[in-house]
Amino acid sequence: MPRYNPATVEAKWQRYWAEHRTFAAPRMPEGRKLYVLDMFPYPSGDGLHVGHPEGYTATDIVCRYQRMRGASVMHPMGWDAFGLPAEQHAKRTGTSPRETTEKNIDNFRRQLQMLGFSYDWDRELATTDVEYFRWTQHIFLVLLDTWYDADEQRGRPIAELPIPEEIAEDEEAVRRYQDDHRLAYQIEAPVNWCPELGTVLANEEVVGGLSERGGYPVVRIPLRQWMLRITAYADRLEKDLESLAWAESIKLLQRNWIGRSVGAEVDFFIGLTPDEDGKPDMKQYRGWLRDRELGGYPRKPEEDVLRIYTTRPDTLFGATYMVVAPEHPFVQRLMQPEQAAAVKAYCEKAARKSDLDRTDLAKEKTGVFTGSYAINPVNGEPIPIWVADYVLISYGTGAIMAVPGHDTRDYEFAEKFGLAIVPVVDPGGAEEVSRDQVLAGKAAFTGQGTAINSGAYDGLATDDFKQLITDDLAARGLGRAAVNYKLRDWLFSRQHFWGEPFPILHELDAEGNLTGLVRAIPPDELPVDLPAEMKFDASHASPEPPLEAAPADWLYVTIDGKRYKRETNTMPQWAGSCWYYLRFLDPKNSDALVDPEIEKAWMPVDLYVGGAEHAVLHLLYARFWHKVLYDRGYVSTPEPFQRLVNQGMILGEMEFSGYQDQAGAWVSASDVKINPAGQPICRNAHEVVTPRKVQPGEVEKKGESFVLKARPEIRVESRAYKMSKSRGNVVNPDEVVREYGADSLRLYEMFMGPLEAVKPWSMEGVNGVRGFLERVWRMIVDERSEQPALNAAVRDVEPTEEQNRMVHKTIKAVTADLDAMAFNTAIARMMEFTNFFLKEDVRPRSAMEKLVLLLSPYAPHIAEELWQLLGHEKTLAYEPWPEYDEAATRDNMVEIPVQIQGKLRSRIVVPAGADRAELEQAAKADPKVAELLAGKQIVKTVVVPGRTVNFVIR
RNA sequence: GGCCGAGUGGCGGAAUCGGUAGACGCACGGGACUUAAAAUCCCGUGGGCCGAUAGGCCCGUGCGGGUUCGAAUCCCGCCUCGGCUACCA
């Protein structure tokens with residue numbers, strides 16, 4: 001047999017697996033089930049990236065291993081195929097997005113198949129398949145048909161929503177009331193419209209009010225949008241994290257994103273008819289207090305109060321002013337004639353800024369006084385109301401009480417505009433702040449302490465105060481305990497063509513205008529496909545969705561004589577990935593999104609692997625949909641993904657870079673810093689410097705850092721960067737496979753380091769594992785023979801005791817590492833095995849077979865080939881995983897370190913089972929130890945059997 | 001600013017519960033084979049020092065302290081890098 005040639009071996013076995021449907025999963029699990037899922041990729045035009053196979057190889061190893069351990073394994077793959085690039089390509093070239101998408105999918109499939117992953121390709125699906133998004137649309141209808149019952153903490157059919165008596169007779173009012181409670185609802189929300197590009201942009205695509213691409217102006221204009229009420233599930237999404245086997249850091253990320261906080265709502269009286277000075281009438285105020293005392297705290301605030309949310313009700317006495325967001329509905333009312341012009345101008349300016357710009361922390365606080373006042377309910381003091389964009393309309397009530405003494409943002413604002421600062425919390429001995437400054441109103445203290453300047457509450461600890469004042473406010477009908485979330489409802493529509501159409505019709509009146517009422521397309525009439533004939537303009541002139549230009553026979557529908565217009569927004573890319581794990585179980589079902597019996601048998605996903613970039617949004621959205629489906633009886637588990645592992649990013653090769661000034665002279669990296677514009681500048685000259693790539697041969701290590709060999713005073717940076725086209729450090733898997741083979745690529749990606757770690761790529765490393773595979777090959781195969789033949793050293797003999805120990809040790813270690821997903825160390829153990837047996841002149845066939853089986857999950861092609869050569873006819877994919885004998889792994893003699901005063905002084909070799917007394921005696925008998933102990937007094941002897949002996953002497 | 005993670009040879013990394021730091025691989029150096037090169041095989045490889053050799057000593061896991069017979073590992077205080085997040089009241 002010739003030398004190891006991955007190209008032929010890999011093609012051969014890929015063909016074999018496909019022909020024999022080796023990895024087809026059964027409809028229902030047979031025995032122990034295991035559902036292992038990869039985050040399916042977006043099939044971009046660039047093709048596979050070496051980052052993709054990292055997670056895919058890890059899951060493939062787990063699947064192949066578990067099949068050998070008898071598990072019934074579900075391991076599917078598909079495509080998250082909707083996406084903007086295909087649509088932009090269509091605008092440029094006229095090629096339909098479907099065509100582009102299918103071409104990209106074909107390329108991705110080819111690349112994945114070339115890597116030998118054991119997917120059940122019969123289950124392949126794409127979110128763009130009409131038969132798939134039919135069910136995505138179906139789930140949208142479920143969301144539309146569901147309201148959240150806060151008392152029962154679950155989603156229920158809209159038909160079960162209790163209707164208030166006063167509207168029960170009015171059919172249209174009932175419909176609108178229901179619409180207000182559905183999990184899918186419509187609002188007017190601002191979008192980032194870029195007229196120049198003719199497209200609507202996501203928030204992160206807008207920088208400084210300009211488009212990231214091209215730098216064109218972006219305006220925020222309101223458009224009708226679909227929203228999903230994910231906030232209704234915030235509590236459950238947070239609580240149920242506890243039950244999941246995810247990394248704590250990822251759970252924390254989700255918890256922070258949900259951002260639950262506990263505090264209080266408080267109403268501040270503003271009155272309907274303020275006095276000329278903008279202050280509320282005190283008589284009205286007292287009347288209001290009485291009304292509240294009797295009537296209690298209303299669910300929705302009346303027009304004469306400003307409702308705020310705070311997590312620090314204990315600082316109410318320090319509230320010296322209030323702020324409302326520029327979008328707050330009261331702004332119009334609150335601005336007094338004198339301030340009106342300034343307030344209007346401020347609000348208009350704020351409206352033009354994107355959310356991102358508004359939250360740019362580098363900038364100073366801005367705001368304007370409205371001219372109006374509110375009354376602080378704890379002390380009856382009128383306090384001014386300002387408008388400022390540091391208050392967000394989308395959080396809490398869109399208005400705050402400002403406590404500059406105990407909130408850094410309010411403090412900055414009060415400082416800038418000369419507003420009163422009243423300290424109400426004594427920091428006591430708190431370390432982070434100077435108590436004197438806080439008490440003098442010269443610094444903000446945000447921690448907990450003791451109440452001061454707070455009337456009868458003085459002296460209370462922060463937590464007690466919070467509790468007490470919340471109760472008191474509730475008793476007086478002025479406030480109540482409240483919970484808030486950072487999580488916002490999910491903006492679920494996009495102004496794109498290439499997405500799932502909504503199964504929604506808008507009712508038209510006689511003039512052809514929307515009446516505001518919608519009609520859902522019944523589930524049995526799905527799917528709603530995209531129009532087949534569609535022209536794409538390079539740019540269109542309005543932010544309206546492209547489907548507004550769809551052919552009329554698609555756009556307009558008449559039912560029972562009534563005219564309707566289709567919804568022209570489409571769903572966001574997240575939609576399809578919210579439930580694909582369910583469809584994989586039953587991909588061809590035309591009666592249901594998944595057969596309940598099958599769902600019950602396979603769910604939940606036992607292991608889900610993907611990049612940490614999806615740690616928040618994708619996982620949160622999918623969990624949300626899953627919970628709705630759970631509430632509505634479509635799925636049997638409250639959570640979809642039992643265990644989650646995030647693979648770390650693979651960076652480009654290590655690079656050295658130095659800096660040169662404009663004259664071309666080297667500048668030491670230690671003298672370079674980054675200026676606010678993000679450019680590297682020289683610390684001394686304040687001159688912009690240029691990074692230059694330096695070859696590894698030109699640098700050497702000096703102390704802590706690298707320097708130029710020729711100029712040792714010039715420090716250079718050594719670092720690996722994220723792979724990117726612009727940096728030119730992208731590694732293409734096609735090339736790696738062509739040069740080294742798929743098995744080498746797989747093995748290298750697992751050998752680089754722990755799966756979760758961020759790791760730099762190294763082509764030399766790939767070459768290294770290729771060398772390992774060649775050594776394995778030579779260990780078993782006769783390279784010089786023309787015909788396939790075993791190496792003459794491989795014989796049908798019993799292993800020697802030493803060989804047997806190596807075999808069993810290796811099985812034990814590789815199995816344990818695999819269970820811990822510590823693939824890098826498992827590979828190292830197999831290398832040790834190979835290094836050992838290459839030196840053996842006689843290599844028992846049984847030992848070689850064991851190694852081939854251990855290696856097969858990592859490098860399946862070469863393993864199949866060697867397995868066949870060792871005399872087996874069938875695939876090894878379902879061979880039993882090798883067992884080890886614990887007794888056979890134990891060494892007869894072990895080396896034990898002997899320490900004196902904790903310092904290593906000698907090593908003794910003793911029988912493996914030596915007890916304390918034997919160890920101590922052997923240690924004392926060691927000539928070196930005896931010499932060092934001579935004449936000394938042994939104070940203490942520490943003996944850890946199997947580990948160490950330590951003498952403490954005087 | 002907040003949160004999370006990480007700092008171990010020239011490089012990627014290993015080290016179970018606190019018990020021989022540097023497994024395994026790369027790179028590098030030396031040697032064998034070869035007309036030669038590649039491939040392959042063998043040997044060496046954290047730093048410093050003593051020694052003719054055999055061998056031995058000291059230092060060493062980002063920095064400074066601490067706990068312990070013993071610390072890469074535990075505790076306290078810093079530094080650096082990376083990721084996520086961004087005025088959430």
Side-chain angles (χ1 to χ4, degrees), chain A residues 3 247-250 252-253 255-257 259 261 263 308-312 315 323 355-356 358-361 363 365 388-392 394-397 399-403 406-410 412-413 446 484-488 612-613 615-616 648-649 651 653-654 696 699-701 704 706 718-720 722 748 751-754 756-769 771-772 774-775 778 783 816 820 822 824-832 835 838-839 895-904 906-907 928 939-942 944 946-953:
Chain A
R3 288 178 48 185
E248 261 332 294
S249 60
I250 298 291
L252 196 67
L253 227 50
R255 280 200 192 99
N256 290 346
W257 191 264
S261 72
I308 60 100
Y309 170 75
T310 178
T311 55
R312 292 295 301 268
T315 61
V323 184
D355 283 351
L356 236 68
R358 292 233 332 228
T359 58
D360 184 0
L361 258 186
K363 108 186 145 52
K365 297 251 177 318
D389 68 2
Y390 81 92
V391 170
L392 308 175
S394 49
Y395 184 76
T397 59
I400 63 156
M401 66 172 198
V403 186
H406 304 283
D407 182 290
T408 42
R409 298 153 298 181
D410 297 342
E412 280 173 34
F413 192 82
T446 57
N484 244 303
Y485 301 93
K486 280 200 234 176
L487 183 69
R488 310 290 153 81
E613 65 273 20
V616 175
M649 202 186 344
L651 306 173
E653 300 238 4
M654 277 274 291
V699 300
E700 63 185 352
K701 185 112 181 192
E704 289 287 275
F706 286 89
S718 83
R719 218 196 116 174
K722 206 167 164 171
Y748 173 65
F751 188 58
M752 290 170 88
E756 275 117 316
V758 177
K759 303 155 288 239
W761 186 265
S762 157
M763 247 355 151
E764 281 163 343
V766 186
N767 196 39
V769 295
F772 163 62
E774 299 205 18
R775 289 203 301 284
R778 279 198 301 274
E783 275 195 305
N824 54 332
T825 48
I827 294 166
R829 303 313 288 256
M830 292 188 277
M831 288 174 167
E832 286 180 281
N835 290 343
L838 272 171
K839 293 194 178 93
E895 191 189 70
I896 299 291
V898 181
Q899 300 174 342
I900 293 171
Q901 312 290 58
K903 292 201 176 215
L904 178 68
S906 185
R907 298 176 171 92
K928 238 198 104 180
V939 182
K940 187 176 175 185
T941 306
V942 182
V944 184
R947 286 289 184 193
T948 190
V949 179
N950 189 8
F951 296 103
V952 186
I953 58 172

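The sequence lines fix the lettering, A, B, ..., with proteins before strands; numbering per chain opens at 1. Keep in mind that what you see is a predicted model, and the values were worked out from it rather than measured. The basis for the numbers below is simple: all heavy atoms, side chains too, and nothing from hydrogens, waters or symmetry mates.
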B:U16 pairs with which nucleotide, Watson-Crick or G-U wobble, both distances below 3.5 Å?
-> none

Which of B:G13, B:A23, B:G19 is nearest the side chain of A:E832? It is B:A23

So, do A:D410 and A:M401 sit near enough that their side-chain heavy atoms are less than 4.5 Å apart?
-> no

Any A:R775 side-chain N or O less than 4.0 Å from OP1/OP2 of B:G25 = yes

4.5 Å side-chain heavy-atom contact, A:N835 and A:R775 | yes

Do other residues, nucleotides or ligands put more than 12 heavy atoms under 6.0 Å from the CZ atom of A:R312?
-> yes

Touch class at under 4.0 angstrom, heavy-atom based, for A:K928 against every strand present = sugar-phosphate

When all nucleic acid strands are considered with a 4.0 Å heavy-atom cut-off, which category describes A:S762: base, sugar-phosphate, or nothing?
-> nothing

B:G82 -> Watson-Crick or G-U wobble partner, both distances under 3.5 Å, gives B:C4

Taking only side-chain nitrogens and oxygens of A:K759, does any of them come within less than 4.0 Å of OP1 or OP2 of B:G12?
-> no

Given atom CG of A:L651 and atom P of B:C81, what is their separation to the nearest angstrom?
-> 17 Å

Counting just side-chain N and O atoms, does A:N824 come under 4.0 Å of either OP1 or OP2 of B:A14?
-> yes

Give the nucleotide from the list B:C26, B:A89, B:G19 with an atom nearest to the side chain of A:T948.
-> B:G19

Pick base, sugar-phosphate or nothing for A:V944, based on heavy-atom distances below 4.0 Å to the nucleic acid.
-> base

B:C26 P sits how many Å from A:F772 CZ, rounded?
-> 11 Å

Interatomic distance where CH2 belongs to A:W761 and P belongs to B:C26 [whole Å] = 16 Å

With P as the reference atom in both, quote the distance from B:A21 to B:G70 in angstrom, rounded to an integer.
-> 15 Å

Within the structure shown, what part of the strands sits under 4.0 Å from A:G768 by heavy-atom distance: base, sugar-phosphate, or nothing?
-> sugar-phosphate

Walk me through it: do A:L651 and A:V758 pass the test side-chain contact (heavy atoms from CB on, under 4.5 Å)?
-> CA-CA 7 Å; A:L651 306 173; A:V758 177; 3.6 Å; yes

To the side chain of A:P760, which of B:C69, B:G12, B:A89 is closest?
-> B:G12

By nearest nucleotide on RNA chain B, pick out whichever of A:L253 and A:L838 is the more 5' one.
-> A:L838

Please report, rounded to the nearest Å, how far the C1' atom of B:G19 is from the CZ atom of A:R947.
-> 7 Å

Mind checking A:D410 for me? I need base, sugar-phosphate or nothing, with any heavy atom below 4.0 Å counting as a touch.
-> nothing

To the nearest angstrom, how far is A:L904 atom CG from B:G56 atom P?
-> 11 Å

Any side-chain heavy atom of A:M654 sitting closer than 4.5 Å to one from A:S718?
-> yes

Sugar-phosphate only, base, or nothing, as touched by A:E895 at under 4.0 Å among non-hydrogen atoms | base

Integer-rounded Å distance: B:G12 P and A:I827 CD1 | 18 Å

Counting any heavy atom closer than 4.0 Å, what does A:L252 reach on the DNA or RNA strands: base, sugar-phosphate only, or nothing?
-> sugar-phosphate

Map A:G902 and A:R312 onto RNA chain B by nearest heavy atom, then report which one ends up closer to the 5' terminus.
-> A:G902

Cationic tip of A:K365 above A:Y390 ring, under 6.0 Å, 45° of axis = yes

Do any side-chain nitrogens or oxygens of A:R778 fall under 4.0 Å of OP1 or OP2 in B:C41?
-> yes

Within the structure shown, what part of the strands sits under 4.0 Å from A:F706 by heavy-atom distance: base, sugar-phosphate, or nothing?
-> sugar-phosphate

Taking only side-chain nitrogens and oxygens of A:S261, does any of them come within less than 4.0 Å of OP1 or OP2 of B:A89?
-> yes

Partner of B:A32 by Watson-Crick or G-U wobble geometry, both contacts under 3.5 Å, or none?
-> B:U40

Which whole number of Å gives the distance between the P atom of B:G64 and that of B:C69?
-> 23 Å

Would you mind classifying the nucleic acid contact of A:M752 as base, sugar-phosphate or nothing, using non-hydrogen atoms under 4.0 angstrom?
-> sugar-phosphate

Side-chain N or O of A:N835 closer than 4.0 Å to phosphate OP1/OP2 of B:G25 = yes

Quick one: look up who B:C63 pairs with, Watson-Crick or G-U, both distances under 3.5 Å, and put none if it's unpaired.
-> B:G77

Please determine, for the side chain of A:Y309, which listed nucleotide (B:U20, B:A89, B:C87) has the closest atom?
-> B:A89

Atom-to-atom span, CD of A:E764 to P of B:G25 - whole angstrom | 16 Å

Looking only at heavy atoms, which two atoms of A:M831 and A:V769 are closest? And how far apart?
-> CE-CG1, 4.3 Å

What is the nucleic acid contact for A:R719, judged by heavy atoms within less than 4.0 Å: base, sugar-phosphate only, or nothing?
-> sugar-phosphate

Are any of A:K903's side-chain N or O atoms less than 4.0 Å away from OP1 or OP2 of B:C59?
-> yes

A:T825 side chain: which of B:C24, B:A89, B:A15 is closest?
-> B:A15

To the nearest angstrom, how far is A:K486 atom NZ from B:G2 atom P?
-> 13 Å

Interatomic distance at C1', B:G10 relative to B:U45, whole Å | 11 Å

Taking every non-hydrogen atom, the tightest pair across A:S261 and A:Y309 | OG-OH, 2.7 Å

Please state whether the base of B:G19 and the side chain of A:Q899 form at least one donor-acceptor pair under 3.5 Å?
-> yes

Tell me which nucleotide among B:A86, B:C69, B:C87 gets nearest to the side chain of A:W257.
-> B:A86

Between B:G19, B:A89, B:C42, which one does the side chain of A:N950 approach most closely?
-> B:G19

Taking the side chain as every heavy atom from C-beta outward, state whether A:Q901 and A:I953 have any pair of such atoms under 4.5 Å apart.
-> yes

